[in-house]
Amino acid sequence: MGVELTRQYTEYRAMEDQEEVEEGVSITDWDLVYHVRDALLSVKTGDRSSYHQLVGVLHHRDRSAPDKVALLLTSLKALSGAVSYINDDDHVSLLQSIFGMSMWNCVPDVMDALLELIICLAASNGKYVDLCLDMLVNNFMPPMDSDMLRHPRGQAKKDQVLPRVHTGLEVIVDLVPLAALKLSTTVVQKRPMFFRKDFNMDRLKCRMEIYLKNMLMLEGGAIREFVGNSMLVEVVNMMLELDVAIGWDELLRDDPSKGIFTMELEDEEEEADDDGQANDGELPSTLTLRNLGKNVTADLLDSLMIQFLEHLEACADKKRLSEVFETLLSSFMATILNTYKSKFSQFTIFYACALDPENCGVKFAQTLADLFISTCNPPVTRMSAVAYLSSYLARGKFLSAAFVMNMLKRLVDWCLRYCEEQDSGMNPKAHQVFYSACQGIMYVLCFHMKSIMNVPTLKSQLLLMPIEPILKHKLGPLEVCLPSIVNEFLRQAKAAHLFTISKAFIFEDLLESDLSRDFGGLERLDMFFPFDPCLLKKCDRGFIRPNFIYWNHVKTTYDDDDEDSSDEDIADDFGVLNEENFMEEGMARSYDQDIDLDEFDYVMNKMSITPKNTSGFHFGGERMPSKLRPSTSPESL
């Protein structure tokens, strides 16, 4: 039968504009269909020779010979016309052959014929819909043993395959609307998993990247109404899965002698980058960043996040970011918010807010504030919410000072009400939600007090806020919150004449204290600053950095003070006993929006929750920070 089909198809193509071929027989598409139909029907009579020949055609591996291609194309077209004669009882091997084919191994004409057959099968019998969807989703990626994506030929083939795959999915969902639910499930189930020890990492990286591309194509395509939300949720899950897998045990060492605003500079020799060249103009390869750069998981997450952030930009250009943001926010609330090992995934929603501050940016902050204030939520959720809120308000360059003040007022008002309801004294574990809010208020003001005081109306609002009675309450928030944040806040408050404090607080300028560890709980939410600088280099450079406030760029209220004023004077005024060198000289530098961002690569991690050790590195003749902690809690390290 295979020889006959080849002969007929060759003659048909050569003489398709003529009515007769050399034998004088008119050959039409229906003639080819009849041949295939007879082969399918002959199985019931026990004659399987023609059927086996047909199945053999679909199994041909050599697709380069013209006669093989012609035979395969003819067979696929004929099967599309005879699809009603296919059944899963008599033609199991045929169906297995069809659904096992890969478009990545076909020429465009064969791709089209195969796609037509898949669509016909889905439309002819509901029992084939799932198999058709499986087959098309399998074609999101090349065959498992293929490396074509690592070569230019594979990239060209991708541009041929993916549009056809998504066209097929859209047609099937249009013909069978219930297929949309199955499609979402299939895409989630077939997502390549990163944690496969037996798989080539470069190949796996390519497969995960192209799979994400397909998921985003579904989210932004013609059937997004049916599958868009589920694709967004799974994309976030995919990135979070990689995020929490990035280990830091060997990268970081705690040094409790340094506060989060302190950046210890080292006198090491200039360090070369991985290529042996000096890092002129490059991001500083601190111990953390350099090790992270060699982390294959972090590298993959960096690439995936870039794809997703580009997709968010495309959504913004098409005026549908608000629609996408609703799902993104819901996914954040359900997964990222309470995942204290999350270090990078949260920057997806940060960037969405940066693209639309007036809508997405405002809604994100308000949602976090609502979560925190609601007593229906468990303490860990409320503490996470206020940690995200304060970090977001501190770091978002796109947020106005007026909006920051409005959100601070909500926190201050809640804290005041809480104080009025309490008769007990200091208890870090019992009042951990309260201490989280107090620390968040001080943290935000460390970044924004100067800008607020420069606007008369906002200055008046700040001076009228009941911050002093909250901090002087017998619950003792200044003794429980992180000493480094308290110290910086008090220093700025003194310079701004915000209020005076007479009570003595005796503690060293430590990153943390026993009391802060108590209120932070197992998750160490007292040290959770989720929007600390992003350590994914490409993602940060291309998207996050232009929208991000770094501590080194902040102008503080004490910038205008006499430079001869000593830290001891500040400590005496507040009754605070600090260690020598309470604040590094030049820690607060003016923040200029027009600054060349690349000139400040070395300060991207200036404000970090990481204590620094003494094993720093020296780059480009400049003294560089020695250590940076990711935005996570110690238990995740």
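The chain is numbered in sequence order, starting from 1.
Listed here is the closest heavy atom pair of Val380 and Asn338: O-OD1, 3.9 Å. The minimum heavy-atom distance between Pro533 and Arg395, with the atom names listed, is CD-NH2, 3.7 Å. Heavy atoms only, all atoms of each residue included: Gly361 and Cys353 are closest at CA-CB, 3.7 Å. For the pair Tyr351 and Asn547, the tightest heavy-atom approach, listed with the atom from each and the gap, is CE1-ND2, 3.7 Å. Closest approach of Asn139 to Leu162, counting heavy atoms only: O-CD2, 4.1 Å. Across all their heavy atoms, Ala180 and Phe226 have their closest contact at CB-CB, 3.4 Å.
Between Glu219 and Arg320 there is a salt bridge, with a side-chain nitrogen of the basic residue lying less than 4.0 Å from a carboxylate oxygen of the acidic one. Using a cut-off of 4.0 Å between Lys/Arg side-chain N and Asp/Glu carboxylate O, Lys127 and Asp88 are scored as salt-bridged.
For the atom pair CG of Leu536 and CG of Asp299, the computed distance is 9.5 Å after rounding to the nearest 0.5 Å. Here the straight-line distance linking atom CG of Asp109 with atom CG of Leu114 works out to 12.5 Å at 0.5 Å rounding. His311 contributes atom NE2, which lies 11.0 Å from atom CE of Met217 (distance to the nearest 0.5 angstrom). Note: Ile118 CD1 to Cys132 SG = 5.0 Å, rounded to the nearest 0.5 Å. Here CG of Leu312 is found 9.5 Å from CE of Met305. Values are rounded to the nearest 0.5 Å. Atom CE of Met111 is separated from atom CD of Glu116 by 15.5 Å, given to the nearest 0.5 angstrom.
Heavy atoms from other residues, nucleotides or ligands lying under 6.0 Å from NZ of Lys538 number more than 12. Heavy atoms of other residues, nucleotides or ligands lying less than 6.0 angstrom from OH of Tyr85 number 12 at most. The local environment of CG in Leu181 is sparse, with at most 12 non-hydrogen atoms from other residues, nucleotides or ligands closer than 6.0 Å.
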| request: Using the side-chain contact (heavy atoms from CB on, under 4.5 Å) rule, take Cys539 and Ile544 through it: C-alpha gap first, then chi angles, then the decisive distance, then the call. | output: CA-CA 7 Å; Cys539 180; Ile544 305 303; 4.2 Å; yes

| request: Please lay out, stage by stage, how Leu136 and Met103 fare under the test side-chain contact (heavy atoms from CB on, under 4.5 Å). | output: CA-CA 9 Å; Leu136 291 174; Met103 293 186 185; 4.1 Å; yes

| field | side-chain contact (heavy atoms from CB on, under 4.5 Å) between Leu535 and Lys343, worked out | value | CA-CA 9 Å; Leu535 300 185; Lys343 298 168 282 294; over 6 Å; no

| Trace of the salt bridge (charged side-chain N to carboxylate O under 4.0 Å, His left out) decision for Arg191 with Glu241 | CA-CA 12 Å; Arg191 175 169 66 84; Glu241 182 180 280; 3.5 Å; yes

| field | Audit row: Leu300, Leu204, side-chain contact (heavy atoms from CB on, under 4.5 Å) steps and yes/no | value | CA-CA 10 Å; Leu300 173 58; Leu204 181 58; 5.9 Å; no

| query | Is there a salt bridge (charged side-chain N to carboxylate O under 4.0 Å, His left out) between Asp112 and Arg164 once you walk through the steps? | reply | CA-CA 8 Å; Asp112 292 334; Arg164 290 175 167 86; 2.7 Å; yes

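Counting heavy atoms from C-beta on, the side chains of Gln160 and Trp104 never come closer than 4.5 Å. Considering only heavy atoms from C-beta on, Thr45 comes within 4.5 Å of Ser42 through its side chain. Proximity of Val36 to Ser75: side-chain heavy atoms (C-beta onward) are nowhere separated by under 4.5 Å. The shortest side-chain heavy-atom distance between Lys77 and Leu32 does not fall under the 4.5 Å cut-off. By the 4.5 Å heavy-atom criterion applied to side chains, Leu212 and Leu216 are counted as neighbours. Leu328 has its side chain out of reach of Leu232: every pair of non-hydrogen atoms, C-beta onward, lies at least 4.5 Å apart. Put simply, the side chain of Leu371 reaches to within 4.5 Å of the side chain of Leu337, judged on heavy atoms. Val235 is not listed as a side-chain neighbour of Leu304, based on a closest heavy-atom distance of 4.5 Å or more.
In this view, Lys213 satisfies the salt bridge (charged side-chain N to carboxylate O under 4.0 Å, His left out) rule with no residue, not counting sequence neighbours.
With hydrogens and angles ignored, the 3.5 Å screen pairs no side-chain donor or acceptor of Asn125 with any backbone N or O of Tyr128. Checking side-chain atoms of Ser124 against main-chain N and O of Cys120 turns up a donor-acceptor pair under 3.5 Å. Counting only distance, with no hydrogens or angles, the side chain of Asn138 and the backbone of Asp134 share a donor-acceptor pair below 3.5 Å. When atom types are taken as modelled, the side chain of Ser391 and the backbone of Phe531 share a donor-acceptor pair closer than 3.5 angstrom. Using a distance-only test at 3.5 Å, with no hydrogens or angles considered, a donor-acceptor pair links the side chain of Lys157 to the main chain of Cys106. Between the side chain of Thr167 and the backbone N or O of Pro163, at least one donor-acceptor pair lies under 3.5 Å. Without hydrogens or angle criteria, Arg207 side chain to Pro142 main chain gives a donor-acceptor distance under 3.5 Å. With hydrogens and angles disregarded, a donor-acceptor distance shorter than 3.5 Å links the side chain of Gln307 to the backbone of Glu209.
One side chain, Asp47 or Ser49, offers a donor N or O that lies under 3.5 Å from an acceptor on the other. Side-chain atoms of Gln366 and Lys363 include no donor-acceptor pair closer than 3.5 Å. For the residue pair Asn229 and Thr327, a side-chain donor N or O sits within less than 3.5 Å of a side-chain acceptor on the partner.
Ring geometry, His91 versus Tyr51: the interplanar angle falls from 30° to 60°, so the pair is classed tilted. Ring orientation note: the planes of Tyr211 and Phe140 are nearly perpendicular, at an angle over 60° on the 30°/60° scale.
The side-chain hydrogen bond (donor to acceptor under 3.5 Å, both in side chains) with Ser345 is formed by just one residue from the set Asp243, Thr339, Thr335; it is Asp243.
Ring centers of Tyr388 and Phe364: at least 6.0 Å apart, outside the cut-off. Note: Phe543 and Phe347 fail the aromatic proximity criterion, with ring centroids not under 6.0 Å apart.
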